[in-house]
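Heads up: the structure comes next, in structure tokens.
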Amino acid sequence: MFIKIENLYKKFGHVVAVDHVNLEIKQGEIITLLGPSGCGKTTTLRCIAGLEKPEEGDVIIDGKPMFSQGFVPPSQRGIGMVFQNYAIWPHLRVFDNVAYGLKLQNLPRTVIHEKVEEALTAVGLSGMEKRYPGQLSGGQQQRVALARALVRHPKVLLLDEPLSNLDAKLRERMRFEIKSLVRRLHITAVYVTHDQAEAMVISDRIAVMETGKIVQLGVPEDIYKKPANRFVADFIGTTNFIAGSLVEVQLDKGKAYLQTDFGRILCTLADSFQVPSDSTVQASIRPEEIEIIPSATQKENVFRATIAHRAYLGNFLYIFVTIDNTLLRVQVPYNLSQKEGEEIIIYLNPEKCMILP
Amino acid sequence: MQRGNLLISTVLWAVVALFIVYPLSFLLVESLKNAETQQYGLQNYIDFFKDPYYLKTFVNTLVLSLLVLLTTTLFGLPLAYMISRYRLKGKVIFTALILLPIVLPAYAGAFSLIILFGKMGVINLLLMDLGLVAKPINFLYGVHGLVFVQSIHLLPFIVLSLSAGFTNIDPSLEEASEVEGASGIKRFFTITLPLATPNYLAGAVLVFLWPFTDWLTPLIFGQTDYLPSISYINIAYHFTDMHRKYMGIVSVVVSAVICVSIFLLSKAWVERKKYTSLSKGTTLEGRIIYPPILIQIGSYLYMLFIAVLVLLIPVVLGLSAFSRRWVLQPFPTYWTLENFKLIFIETPGLLKNSLLFSGTALLFGIAFGLPAAYLITRTHTTGKEALDFIITLMLAFPGIALGVSYLLAFWEGIPLATHWIIMPLSLFVRRLPYFLRMAHASYLQLDISLEEAAEVSGASKLYTFFTISLPLLLKGLFVGVVMFFIMAFQEISTAIFLYRGGWETLPIGIYLNWHRGMEFGIAGAMAFFMIVIIFVLLLIVAKIGGGILGAAWGSSGGRY
């Protein structure tokens, strides 16, 4: 393991920011800490950088402990970091911003020039060396920050919401650029974001965090398809929650019947699921997993629904349907013929209908 | 509403023209007049710069300026860093304390240091009693004494502006340098200090220019060979000697020109260096470091040292105020309230005058400053930059130049100088920036959309101002009011030229009592009384809006 986070615990006053987090990151892996604001993802990252000192636990980078045996200051960790607001020094030209860390290593001038040139070219900024940060656009400043973080060829790159200040188009492009750059340089990267789409695109694995803990760690597909709990299902993508009480649990098959306001549905139990004492639970099904069928061919999990709203989103439609008083969001092809107020028949696939803890 | 703005602008410009431009042009014209031929030309200036004596005073003043700036910077830099970066207990009280010398009159500091460090002062007497020295050590009388006194007086300017500079730096800029491999000292000199430089400069220029405006401190220490002091002596004592009078006027103009041009240069430089704001949504507090225990102890000791130095002034003045014949003894032996009885019962006029003049000046200041702040921050009226500029310039303008020009301009022609209104008028003009800057700073902090929301809801500009803007500005304005009052209350440089019998203020009373010689106790009592008033006002300011004060004084660099 290249980076090992062991039992990390950090609090600010009485607020626990990171609550005994364990995480192992392989060399060359891009891992994302994903979660809403205040979940502890940035604090975890800052502990890896050494910008925060944890109360307990250790961070081990390339076999070297950072906290347990004396504190290794950020300046001695040899990491690269991209800050949320870029932290480009306004009083230094682009060249001097990027060359800053190299100059501290007392490298010969020619080497510094070469390396800065290489880094600036990699991020597409060659020719901008003489500019001051104030003369650059937000996207260009972001690239300077990236070049500065990469110029020393750090073994670890930390990125703290690096794209959150960019506009939507540029943000999308930079996701791919950062990913290919990090891959090409074989850097181990830890990426912090609250944007689940960004996390999906950029990461090999995602660690979803909630209130200082990692609640799920896995590849993007697993996180989306097999959310560990309701929080993850809700935070990653969009989903429908259907409340009800368990009436018939078949633990051996991993299935159960759920009695809801509009009828009985067969659902799949999540891996870690345990039956609660009052047996009221919620099932989650994503809008694109709800199927529209021409006629009621099966008996189970088929319901008549009324279209309450149609929302056109270009390549697909969102329709909001009501079954009795329950509102569900369904993603359908854009050429759906039924109008608002008309009736359709929907099928809730038991495999996709997950009862989550 | 365009027409309303134009009206405000016209009235403000009329005031500026009548009370700033008109008298100052008089001064300039007078300095060009030849004493014998009554013709106008550059002869006075040529005489001035050819005379080795005046050239010497010029060089002396310049050297003094540099030494004071160097000293305050050396002592202020660590102090500002401790205040703005370290998490230390008692920082708020300490910050209020080190603000004290800004508002204390410079002469008060000079008196107390004479009592303490003079030839027959406490320290020398103690040293001689102990047999450590045979003859008294000259602590004060010379350039070193001036550097000592003026550095204590001006240290707050450096500390305030530097700590504002440090606080304004986005924490991530320093963190980034740490991640890039820079530790401690290296980070401070490559990132922190350069980023704080524009703020530092805003304070440093005021410090540098001070010796070009302070005529009284050198005189108290028996030093006449400084530009403002010799101006004062030439004009106040040698008005019958035409050559000396005109040399005085020329030296006043020279100091004024130096002040204005250095102020301009530094402003231009700061403008150019002002870094565009890159970061959004960072903490207002700046970066906070928990220092290691040794550095913590060192910081407390250093802060204590500065605090003791600052507190010496009121303590020594207090001792002399409550005692009699504190001469040739290391400590007072005879305690009395006689001094206070004298100033309250026999000459209550001084206090009454001070309150009346400062109060009236304050009314003028608000009536002018509030519309001016509105015009400068909220409108696009042409010439508003020039207005702001002229008013800000008064910060660096020597009081002596203002006093002399008022005397020249308002004697004949517009004979305002025969009426006591000239006193509050001159105070108003001299201290104008103190209220305006606060008003300006609070206006900048007030989100314009709050006012726009009121207008969209149907309120007129005037109604919006009184129901939305004014209540929200109140705190900052109050700080401005108190600061203005303090600075008007302790003013002497301008008033000394304009007062006539019966118009003496408390500071003039202090000066006259010192001047007459043996009335040290009374002068001390007056100064102590003033300090008590000022300190109470200052506590109110620190309590209400220390942050606003910092914003107004250190804001020239902006946030990055």
With rounding to the nearest 0.5 Å, note down the distance linking CG in A:N85 to OG in B:S172.
-> 3.5 Å
Under a 4.5 Å heavy-atom cut-off, does chain B meet the side chain of A:I79, its backbone, both or neither?
-> both
Test: A:K53 cationic atom under 6.0 Å from A:F71 six-membered ring centre, within 45° of axis = yes
Got a salt bridge between A:R183 and A:E29, using NZ or NE/NH1/NH2 to carboxylate O under 4.0 Å?
-> no
Verify whether the ring centers belonging to B:Y81 and B:F188 lie closer than 6.0 Å.
-> yes
Could you please state which residues from residues 73-80 of chain B sit under 4.5 angstrom from chain A, measuring non-hydrogen atom to non-hydrogen atom, sorted by number, or 'none'?
-> none
Partner residues of A:A197 under the side chain to side chain contact (heavy atoms under 4.5 Å, CB included) criterion, sequence neighbours left out = A:R175, A:D195
Side chain, backbone, both or neither of A:R152 within contact of chain B (heavy atoms, under 4.5 Å) | side chain
Indicate every side-chain donor-acceptor pair of residues 41-51 of chain A with a distance under 3.5 Å to a residue at least two apart or in another chain.
| from | atom 1 | to | atom 2 | distance (Å) |
| --- | --- | --- | --- | --- |
| A:K41 | NZ | A:G35 | O | 3.2 |
| A:K41 | NZ | A:P36 | O | 3.4 |
| A:T42 | OG1 | A:D160 | OD1 | 3.3 |
| A:T44 | OG1 | A:G40 | O | 2.7 |
| A:R46 | NE | A:E52 | OE2 | 3.0 |
| A:R46 | NH1 | B:E175 | OE1 | 2.8 |
| A:R46 | NH1 | B:E175 | OE2 | 3.4 |
| A:R46 | NH2 | A:E52 | OE2 | 3.3 |
| A:R46 | NH2 | B:E175 | OE2 | 2.7 |

Only counting residues at least two apart or in another chain, list the ones meeting side-chain hydrogen bond (donor to acceptor under 3.5 Å, both in side chains) with B:T377.
-> none
Structural part of A:A149 lying under 4.5 Å from a heavy atom of chain B = backbone
